[in-house]
Amino acid sequence: MRIDVLTLFPEAFRGPLDVSIVKRAREDGLLDLHIYDIREHATDRHRTVDDYPFGGGQGMVMRVDVLDRALEFVRARAPERGLVVYLTPAGERLNDRIVRELAAEPRLILVCGRYEGVDERFVEHFVDREISIGDYVLTGGELPAMVLIDAVTRHIPGALGDAASPEEESFADGLLEHPQYTRPAEYKGWSVPEVLLSGHHAKIEAWRRQQRLERTRERRPDLLEGKEEEDDPG
Ligand code: 4HQ
């Protein structure tokens, strides 16, 4: 899939997307990622991208005309229309379902806002989906865009390698993961649960399932709402 990012800080994207699984997905041509600088579409001598809010108030607002030109430029880089996503605390909260929906798109265009955000006319006329990564305020949409790119990349077929699958991890069935252990089997007197060393695969599976249910019940009961009597031997 192709992802285009519109940002005032292209340099922020060096690092997190250049390591591990995302790096590999890009090298393998599974993720075609392009970062574009919004400021290149300013037209005045000072390359202005923002202005004071009509009606007054603190901070600055990103201009609709600059964003319109930036989006038009990016759209023309590839034949697919692209789903335009604006990262904002006012959007729908990102979750596993939304990540899968976005991963099924051939092309995403992510818009990162700074300051107090973008002129609402840009949202009205160009944005297909407003998404939030959580109920807190960041200094810009760049980190949310990177979070989204990372989560979506895991769902691109082949990105996790041959054996691994995103279906086998947290949230695929709406439960938290079971605890994991590796060698040494004993460290400072702290031992690994006996059952995991038993080699009894059915017992191990049952134990893990019970751990997942118990942890979810204790830590994230909201995830169990509406699936109360499902597969609950414990
Ligand atoms: N911001 N989830 C303000 C966020 C945010 C979030 C992005 C800060 C937009 C204008 N985005 N700018 N939380 O806090 O997505």
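Quick note: residue numbers are just sequence positions, from 1. First listed ligand is number 1; within each ligand, the first listed atom is number 1.
Hydrophobic clustering of Ile, Leu, Val, Met, Phe, Trp and Tyr side chains at less than 4.5 Å, counting indirect connections, unites L138 with V5.
No N or O atom of T139 sits closer than 3.5 Å to an N or O atom of ligand 1. Distances between N or O atoms of G134 and those of ligand 1 include at least one value under 3.5 Å.
For atom 3 (C) of ligand 1, the closest non-hydrogen atom of the protein is L138 O, 3.9 Å. In terms of protein heavy-atom proximity, atom 13 (N) of ligand 1 is nearest to Y136 O, 3.0 Å. Nearest protein heavy-atom contact of atom 9 (C) of ligand 1 is L87 O, 3.4 Å.
In this structure, R77 forms a cation-pi arrangement with F73, its terminal cationic atom sitting closer than 6.0 Å to the ring centre and no more than 45° off the ring axis.
Classification of the Y36-H34 ring pair by plane angle, with boundaries at 30° and 60°, yields parallel. The aromatic rings of Y181 and W207 sit tilted, their planes meeting at an angle between 30° and 60°.
T7 and E142 are linked by a side-chain donor-acceptor pair at a separation below 3.5 angstrom, with hydrogens and angles left out of the test.
Counting the atoms of ligand 1 from 1 in the order shown, those under 4.0 Å from a heavy atom of G141 are 7 (C). Within the listing of ligand 1, atoms 14 (O) sit less than 4.0 angstrom from a heavy atom of V137. Close contacts between ligand 1 and G113 involve ligand atoms 10 (C), 12 (N) [criterion: under 4.0 Å to a heavy atom]. Taking every heavy atom of P144 and a limit of under 4.0 angstrom, the matching atoms of ligand 1 come to 5 (C), 11 (N), 15 (O). For ligand 1 and G117, the ligand atoms under 4.0 Å from any heavy atom of the residue are 10 (C).
Using a cut-off of 4.0 Å between Lys/Arg side-chain N and Asp/Glu carboxylate O, R107 and D32 are scored as not salt-bridged.
Considering I133, V147, V111 only, the shortest heavy-atom separation from atom 2 (N) of ligand 1 involves I133. Nearest residue to atom 4 (C) of ligand 1 from S132, A90, P89, G59 is P89 (criterion: closest heavy atom).
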Worked verdict on R2 versus D4 for salt bridge (Lys or Arg N to Asp or Glu O under 4.0 Å): CA-CA 7 Å; R2 177 176 171 125; D4 299 282; 2.8 Å; yes
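Contacts with ligand 1 closer than 4.0 Å are made by backbone heavy atoms (N, CA, C, O) of I131 only, the side chain lying farther away. Within the 4.0 Å heavy-atom criterion, the part of T88 lying near ligand 1 is the backbone and not the side chain.
Residue R93 places its CZ atom among 12 or fewer non-hydrogen atoms of other residues, nucleotides or ligands, all under 6.0 Å distant.
For the side-chain hydrogen bond (donor to acceptor under 3.5 Å, both in side chains) test with E214, the passing option among Q211, R212, Q210 is Q210; the others fail.
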